Amino acid sequence: MTIAEWRHKLRRGEVSSKELVQEKIKRIRALDPKVHSFLTIADDLALRQAEKIDQARSSGEDLPLLAGIPLAIKDNLCTKGIKTTCSSRILENFVPPYESTVTSRLWKSGAVLVGKTNLDEFAMGSSTETSAFGRTSNPWDLSKVPGGSSGGSAAAVAAGFCFGALGSDTGGSIRQPASFCGVVGLKPTYGRVSRWGLIAFASSLDQVGPFTNTVSDSAELLQVIAGQDPNDSTCINTPVPNYSENINKSIKGLKIGLISECFEQEGLSKVVKNTVLKAALQLENLGAEIIDIKCPRFNDGIATYYIIAPSEASANLARYDGVKYGYRSVSAETLAEMTALSREQGFGSEVKRRILIGTYALSAGYVDAYYKKAQQVRTLIRRDFENAFRQVDILLTPTSPTTAFDAGKHSSNPIEMYLADLLTIPANLAGLPAISLPCGFDKGGLPIGLQLIANVFEESRLLQVANQYEKAADVFKDSPKNDFVL
Ligand code: GLN
């Protein structure tokens, strides 16, 4: 069922929010020990929130859009009074004194927080294995990773622990786990959604977005979180359209471009390629025109990203110095030693690797050769997209070159892990909105994701095409079974 369908049931009193929340909490308690998608389960708070909504309904009050709907939040979004760890020892005991803009908008709309979800430490990773608090498993096959970094949110939605979740996407962290877990994941245009209260990784790339079961649910959550925020100067003051309005419109005559470079990748699995091409055919049957498009700089995305993102991370993570907040080493004798030891003990190895790369790339003598060059290539990648969108309305690629891989498979080889984001990173570098939605399964029954990319601020069109495909393909009605019957 979609969020809209639950809303009608809740409003008609056929089910109470308390019942919904109780059912989700029961499911989480019984099954999450297998998946480990949550770091914090907020049962008490959730039940209290739900009771409030139920009371408001029985006294005849007008209910907001998401009233009574249970949602999960990635643990790098600040929630006032609720631990927010970023899956890092350095923030293990951090209880934010304020609420992020996106979550406060959700609570204002009546949504209910069921818990905070696991991620790769500081959102750096593609498998949710670098979390300091243990890895998350893929609900479709517990021996596989759920993708990352928002693997906890993707797995929680796939396992039916909540109706939707928020994640963050710096280089693919919403779309790639959505693809691995068979759910819908949307990264909005850079600047569409406030980053205030999102613990910063790479500020020019980070964007918050929803995980949901369906495209129409995605439109609903985006509706609530999008829009200007005086606390985030990069969040743009343009009107937020009604995202649900056009999703049922026909896509007849729309031009959809297949990015040639994506389909020529060496590491692209055959079944992923064929399934995604079949999806393109289905879109053609719905009346879209399919065109091949060249984006010659597409493959330079990874190299560019792995200079820019670590550079920004090295600056953003300088604040964890053991002084202001977070973990402090007690074994040091001098201030400098205290800072060094706190960082050494508080950060995991992937985070340290990024800080080292970033600090190096920004240092005098190297900044022109690395950081500046990367920014120039970033511009070239953006121009490729600008050129593409002169010819087509939407671009289409696979979300990830493979389906979910075995836990541990790439853990000791960072380059292999980085390649998981080959197809998602360019949209972040260019600030474009992009969505991943399920389009089929491999032979092992693991979900395959289709990525659609639109021009800036064209989320409405993105959702329209995605929704038309979803309705025609019907893939989303499948859900993980074996281990998930209560
Ligand atoms: N996997 C990519 C990285 O490790 C992207 C992460 C993200 O989008 N937060 O940086």
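For clarity, every value in this text was computed on a predicted model and none was experimentally measured. Remember, it's 1-based here, ligands and their atoms both numbered in the order they're listed.
If you run side-chain contact (heavy atoms from CB on, under 4.5 Å) between Leu462 and each of Val215, Ile394, Thr189, Ile453, only Ile394 comes through. Put simply, the residue from Thr424, Val276, Leu423 that forms a side-chain contact (heavy atoms from CB on, under 4.5 Å) with Thr399 is Thr424.
Under 3.5 Å, the side chains of Glu121 and Ser88 contain a donor-acceptor pair of N or O atoms. At a cut-off of 3.5 Å, with distance as the only test, a side-chain donor of Thr130 or Asp120 sits close to an acceptor on the other residue.
Near ligand 1, residues Ala123, Met124, Gly125, Ser126, Ser149, Asp169, Thr170, Gly171, Gly172, Ser173, Phe201, Tyr305, Tyr306, Arg354, Asp421 come within 4.0 angstrom through at least one heavy atom.
Taking a cutoff of 4.0 Å between a charged side-chain nitrogen and a carboxylate oxygen, Arg353 and Glu350 qualify as a salt bridge.
Counting heavy atoms from C-beta outward, Phe347 and Tyr327 have side chains that stay 4.5 Å or more apart.
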